[in-house]
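Below is one structure, written out as structure tokens, with a few remarks after it.
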Protein chains: 2
Amino acid sequence: MNLIFYNIMSLTSREEDYLEAIYLLTGRHVAVGLTDVARELGVTLPTVKSAVTRLKERGLVDQKHYGKIVLNPMGHKIGAEIYRAHRALRVFLNEILRVPLEISETEACLMEHAISKDTLKKLECFVHDYQTRDNG
Amino acid sequence: MNLIFYNIMSLTSREEDYLEAIYLLTGRHVAVGLTDVARELGVTLPTVKSAVTRLKERGLVDQKHYGKIVLNPMGHKIGAEIYRAHRALRVFLNEILRVPLEISETEACLMEHAISKDTLKKLECFVHDYQTRDNG
DNA sequence: ATAGAATATTAGATTCATCTAACTTTGTCA
DNA sequence: TGACAAAGTTAGATGAATCTAATATTCTAT
């Protein structure tokens with residue numbers, strides 16, 4: 001079911017970042033505006049605007065004129081998945097490699113786009129197993 | 001000693017890829033041409049040309065008109081370091097997470113740019129320790 | 001209800017990374 | 001030694017991602 005989408009829909013890292021940011025903000029806010037995303041990612045409003053326009057063209061988000069940003073089901077799914085990779089990587093870096101939290105955060109954010117579904121699953125298992133049998 | 005350079009010299013992922021490719025080819029060939037790099041990275045000649053031009057402007061490589069590509073000391077150092085990160089990540093993915101080699105190769109190549117010197121050192125230690133006490 | 005603040009939009013520029021097509025130089029071998 | 005192949009160069013286009021500056025809309029609080 002995803003194969004069809006995945007081929008058409010190979011997103012850039014940056015598109016994934018925007019999707020992830022919107023996903024996270026959606027979990028905290030009632031409504032997500034361009035300004036929220038801009039703050040979250042440290043970019044300017046027009047930059048967010050053009051990213052959202054591109055995501056809109058791909059059918060991953062909706063935004064009415066002067067309106068809030070809403071994730072479509074596929075956008076939500078991708079955002080959630082990117083965040084899952086982000087979290088697994090951050091935990092691996094921070095709790096297993098003992099990289100400081102801030103740095104783990106930053107580097108996880110850069111690595112999260114590189115990791116496939118299969119690898120993510122393996123990483124999650126590894127992290128889980130490692131934690132349950134008290135290593136380190 | 002590196003701080004000065006590192007600030008001026010924040011390379012894009014792609015610039016790092018080219019440097020790494022040239023570094024690897026240098027270890028195999030006598031002389032590295034644009035065509036070798038193009039083959040290695042799967043891009044066209046003009047693309048390599050413009051990348052090399054940019055790396056030349058940064059003083060990381062040299063190339064005379066119609067000549068071969070030569071890494072300058074700093075370029076060599078960066079290329080070697082990127083490759084070190086690449087290797088550590090590939091080994092982690094392949095030998096510890098049991099991700100198939102081809103996929104480990106690809107994903108390491110994407111992650112290698114995200115990882116700082118400190119994190120790399122930690123990852124290398126982790127991989128080493130993991131391997132010496134026969135886990136899995 | 002409206003003025004001022006906050007937010008969103010548009011226009012236009014820049015840089016990187018890529019491509020194709022056309023051209024030039026170098027190198028080789030018959 | 002000169003024709004042809006291989007390698008390198010240049011020109012020009014495209015798209016993503018970013019910015020600043022200017023403009024438009026919406027919200028809010030008096």
Side-chain angles (χ1 to χ4, degrees), chain A residues 8-22 25-26 28-71 75 78 82 109-110 112-114, chain B residues 7-22 25-26 28-71 75 78-79 82 109-110 112-114:
Chain A
I8 302 168
M9 194 93 66
S10 72
L11 301 174
T12 65
S13 304
R14 227 36 195 139
E15 284 170 330
E16 290 184 351
D17 283 331
Y18 284 96
L19 237 30
E20 186 190 16
I22 296 164
L25 288 164
T26 301
R28 300 208 279 269
H29 285 54
V30 185
V32 179
L34 296 176
T35 301
D36 302 304
V37 180
R39 247 193 298 273
E40 185 77 10
L41 294 179
V43 294
T44 61
L45 270 175
T47 303
V48 178
K49 177 66 179 178
S50 87
V52 166
T53 300
R54 259 173 291 124
L55 291 173
K56 218 161 74 176
E57 282 162 7
R58 290 173 182 282
L60 299 171
V61 306
D62 275 326
Q63 187 216 17
K64 277 181 264 163
H65 210 57
Y66 284 93
K68 297 300 177 181
I69 305 161
V70 185
L71 284 176
I78 296 171
I82 297 292
C109 192
L110 294 170
E112 71 194 11
H113 310 290
Chain B
N7 289 330
I8 301 167
M9 196 94 65
S10 73
L11 302 173
T12 64
S13 304
R14 225 39 192 139
E15 284 170 329
E16 291 184 350
D17 283 332
Y18 284 97
L19 236 31
E20 187 191 15
I22 297 165
L25 288 166
T26 301
R28 299 208 279 267
H29 286 54
V30 186
V32 179
L34 295 176
T35 301
D36 302 305
V37 179
R39 246 193 299 272
E40 184 77 10
L41 294 178
V43 294
T44 61
L45 269 176
T47 303
V48 178
K49 175 68 177 176
S50 87
V52 166
T53 300
R54 261 175 287 121
L55 291 173
K56 219 160 76 175
E57 282 162 5
R58 289 173 183 283
L60 299 171
V61 306
D62 275 326
Q63 189 215 16
K64 278 181 264 163
H65 210 56
Y66 285 94
K68 297 300 177 181
I69 306 161
V70 185
L71 284 176
I78 296 172
I82 298 293
C109 192
L110 294 170
E112 70 192 11
H113 311 289

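Throughout, a chain's letter reflects where its sequence line sits, starting with A, and its residues are numbered from 1.
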field: Separation of atom NE2 in B:His113 from atom C1' in C:dC16, rounded to whole Å
entry: 15 Å
- prompt: Do any pairs count as a side-chain hydrogen bond (donor to acceptor under 3.5 Å, both in side chains) and have a residue in residues 59-70 of chain A, sequence neighbours left out, and if so which ones?
  reply: none
task: Strictly below 4.0 Å, heavy-atom distances to any atom of DNA chain D: list the hits from residues 38-54 of chain B, or just say none.
output: B:Leu45, B:Pro46, B:Lys49
query: Does A:Glu40 pair with A:Arg28 as a salt bridge, N-O distance under 4.0 Å?
result: yes
message: Could you tell me how far apart A:His29 (NE2) and C:dT7 (C1') are, to the nearest whole angstrom?
response: 13 Å
query: What integer distance in Å separates B:His65:NE2 from C:dT24:P?
result: 12 Å
message: Which residues pass the side-chain hydrogen bond (donor to acceptor under 3.5 Å, both in side chains) test with A:Arg39, not counting sequence neighbours?
response: none
message: So, applying side-chain contact (heavy atoms from CB on, under 4.5 Å) with A:Ile22, which one of A:Leu60, A:Leu41, A:Leu71 is it?
response: A:Leu71
field: Separation of atom NZ in B:Lys68 from atom P in C:dG27, rounded to whole Å
entry: 8 Å
B:Thr47-B:Thr44 side chain donor-acceptor pair, cut-off 3.5 Å: yes
field: B:Tyr18 OH - C:dC16 P separation (whole Å)
entry: 13 Å
query: What is the distance, rounded to the nearest whole Å, between atom CD of B:Glu16 and atom C1' of C:dC16?
result: 14 Å
- line: Here the distance between atom C1' of C:dT9 and atom CD1 of A:Ile69, to the nearest Å, is 13 Å
query: Does B:Gln63 have a side-chain nitrogen or oxygen under 4.0 Å from the phosphate oxygens OP1 or OP2 of D:dG8?
result: no
task: Grab the CD-C1' distance between A:Glu57 and D:dA17 for me, whole Å please.
output: 14 Å
- request: With the side chain of B:Arg14 defined as its heavy atoms from C-beta on, choose the nearest nucleotide among C:dT18, D:dT9, D:dT18.
  value: C:dT18
message: Among A:Leu19, A:Ile82, A:Asp17, exactly one meets side-chain contact (heavy atoms from CB on, under 4.5 Å) together with A:Leu11. Which residue is that?
response: A:Leu19
- prompt: Looking only at side-chain N and O atoms, does A:Tyr66 come under 4.0 Å of OP1 or OP2 in C:dA6?
  reply: no
field: Among A:Val48, A:Val61, A:Thr12, A:Val52, side-chain contact (heavy atoms from CB on, under 4.5 Å) partner for A:Tyr18
entry: A:Val48
